[in-house]
Amino acid sequence: MNTVTGSGECPECFDQVELKDVMQNEIVQCSSCGADLEVTSIDPIKLELAPEEEEDWGE
Amino acid sequence: MKVGMIYSRIRAEEKLLLQALKDRGIEVELLDDRKMIFEISSGHRYASRYQDFDVVVERCINHSRALYSLRILNDRGIKTVNSADVAAVCGNKLETTSALAAKDVPTPRTLVAYTPESALEAIEDLGYPAVLKPAVGSWGRLLSRVNDRHAAEAILEHKEILGSYHHSIFYIQEYIDKPMRDIRAFVIGGETVAAIYRTSPHWITNTARGGESTNCPITDEMRDICRKGAEAVDCWCSKSTTRWSTETASSRPALISPTRWPNLF
């Protein structure tokens, strides 16, 4: 359960998103534009837009 | 013990599960379902890929990925939480209601029809308001409260042209009124370990749709209905939504739907 603290660039608004103890593939929200982002890499930190909701998503 | 966890996203729930496993000294391997390859035929490259796991916890967001993953693993003797059979029933409202009713667990009156015409006939028989739901789906999405015949005709027409065959399986349920909240209970091994009120002025109380959760004291009546519900779907670890209808003449609890995902915390 490797985690990292730092910041990454939001691919939607290009603002810096501060991250604390995040894991690879964790979903975070951009504090500037509100976009859902996925931490696709923790070394270095890389953020991408989270996958869009699909029809059979659920629990 | 070696635990695998199939996941789609790492959210607060997955982190809590991982932390709980870590606290118990249990080794966990994370399995991103977007990268997984299953070898169904034996003797080839990936055939023994998951054989080392003592148990695999399923946390897929896609229902279809969950069902196929669990089926392939179970067929190869790998234990999963929950099992493929349980997930198949509990991930589908129609199958869940059928299983609950077959075991006399109190459920809302439910009708199933396959055409807009027969669905309208069923809704009229049930009376208004009625509730239309997709058989597969979560988070309160695409639920319709049908208040009159005009609304029924419009919704059925819209569902027919949505394109997916799922929306032509009409699952029609009695509307159960609720005193501003329903109850979601969590069952492990037949024991109701926790419950929450989900409070909302809206008829849909899902927390994903703004329902607020607060602690709900567990009663003997709740334990009884939840245990029966879990047994009816053969589910070791489940959460169940229950509406105690206290504002109608026929005051009674109605277990609406266990869900596919295990909640281990």
Side-chain angles (χ1 to χ4, degrees), chain A, chain B residues 5 7-23 26-35 58-67 87 90-93 134-142 162-164 166-167 206-208 238-239 241 257-263:
Chain A
M1 192 171 165
N2 295 325
T3 60
V4 67
T5 296
S7 65
E9 185 182 82
C10 172
E12 187 79 353
C13 71
F14 305 110
D15 208 344
Q16 286 294 307
V17 183
E18 297 299 325
L19 304 167
K20 186 180 180 187
D21 297 330
V22 293
M23 293 176 59
Q24 173 106 13
N25 299 126
E26 186 168 339
I27 300 299
V28 297
Q29 196 170 47
C30 175
S31 54
S32 293
C33 70
D36 283 336
L37 306 172
E38 180 176 356
V39 182
T40 56
S41 167
I42 57 173
D43 186 21
I45 292 175
K46 188 178 176 192
L47 299 171
E48 293 182 22
L49 287 173
E52 292 287 329
E53 188 168 312
E54 296 176 41
E55 187 178 346
D56 75 335
W57 275 25
E59 53 189 58
Chain B
M5 182 187 291
Y7 72 98
S8 308
R9 291 175 158 199
I10 299 291
R11 296 157 302 168
E13 292 87 348
E14 281 74 29
K15 290 185 83 172
L16 286 167
L17 283 167
L18 289 168
Q19 188 61 52
L21 290 163
K22 183 183 176 186
D23 291 345
I26 296 170
E27 180 189 356
V28 184
E29 184 175 329
L30 286 167
L31 305 167
D32 185 341
D33 66 14
R34 294 167 295 185
K35 297 176 181 173
E58 179 269 306
R59 297 288 301 178
C60 298
I61 293 183
N62 290 80
H63 180 60
S64 47
R65 291 184 195 180
L67 292 189
C90 293
N92 184 305
K93 293 180 176 67
V136 174
S138 276
W139 305 330
R141 292 177 308 168
L142 295 173
L162 275 175
S164 165
H166 292 294
H167 298 296
N206 296 66
T207 51
S238 72
K239 57 186 180 191
T241 303
S257 59
T259 55
R260 193 189 81 230
W261 267 351
N263 277 264

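Reminder, nothing fancy here: chain letters follow the sequence lines and each chain counts from 1. Just so it is clear, the values below take in all heavy atoms, side chains as well, and ignore hydrogens, waters and symmetry mates.
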Engineer: How long is the gap from CD1 on B:Ile10 to CD1 on A:Ile27, to the nearest 0.5 Å?
Structural biologist: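 B:Ile10 atom CD1 to A:Ile27 atom CD1 measures 9.0 Å (nearest 0.5 Å).
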Engineer: Rounded at 0.5 Å granularity, tell me how far CZ in B:Arg34 sits from CD in A:Glu38.
Structural biologist: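 One gets 4.0 Å once the value is rounded to the nearest 0.5 Å.
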Engineer: Considering all heavy atoms of both residues, which atom of A:Pro51 and which atom of B:Arg9 are nearest to each other, and what is their separation?
Structural biologist: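 Minimum heavy-atom contact is O-NH2, 3.0 Å.
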Engineer: So how far is it from A:Thr3 OG1 to B:Gln19 CD, rounded to the nearest 0.5 Å?
Structural biologist: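 That separation rounds to 9.5 Å.
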Engineer: Can you tell me if CG on B:Asp23 sees more than 12 non-hydrogen neighbours from other groups inside 6.0 Å?
Structural biologist: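 Counting other residues, nucleotides and ligands, CG of B:Asp23 exceeds 12 neighbours.
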Engineer: Can you tell me which portion of A:Val22 sits under 4.5 Å from chain B's heavy atoms? Options are side chain, backbone, both or neither.
Structural biologist: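 The backbone, not the side chain.
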Engineer: Would B:Lys15 and A:Glu26 pass as an ion pair if we require N to O under 4.0 Å?
Structural biologist: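 Salt bridge present between B:Lys15 and A:Glu26.
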Engineer: Using 0.5 Å steps for rounding, measure from the CG atom of B:Leu18 to the CE atom of A:Met23.
Structural biologist: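 Answer for the CG-CE pair, B:Leu18 versus A:Met23, is 5.0 Å.
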Engineer: Assess whether atom CD of A:Glu12 is packed by more than 12 heavy atoms of other residues, nucleotides or ligands within 6.0 Å.
Structural biologist: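 No, CD of A:Glu12 has 12 or fewer neighbouring heavy atoms, counting only those of other groups under 6.0 Å.
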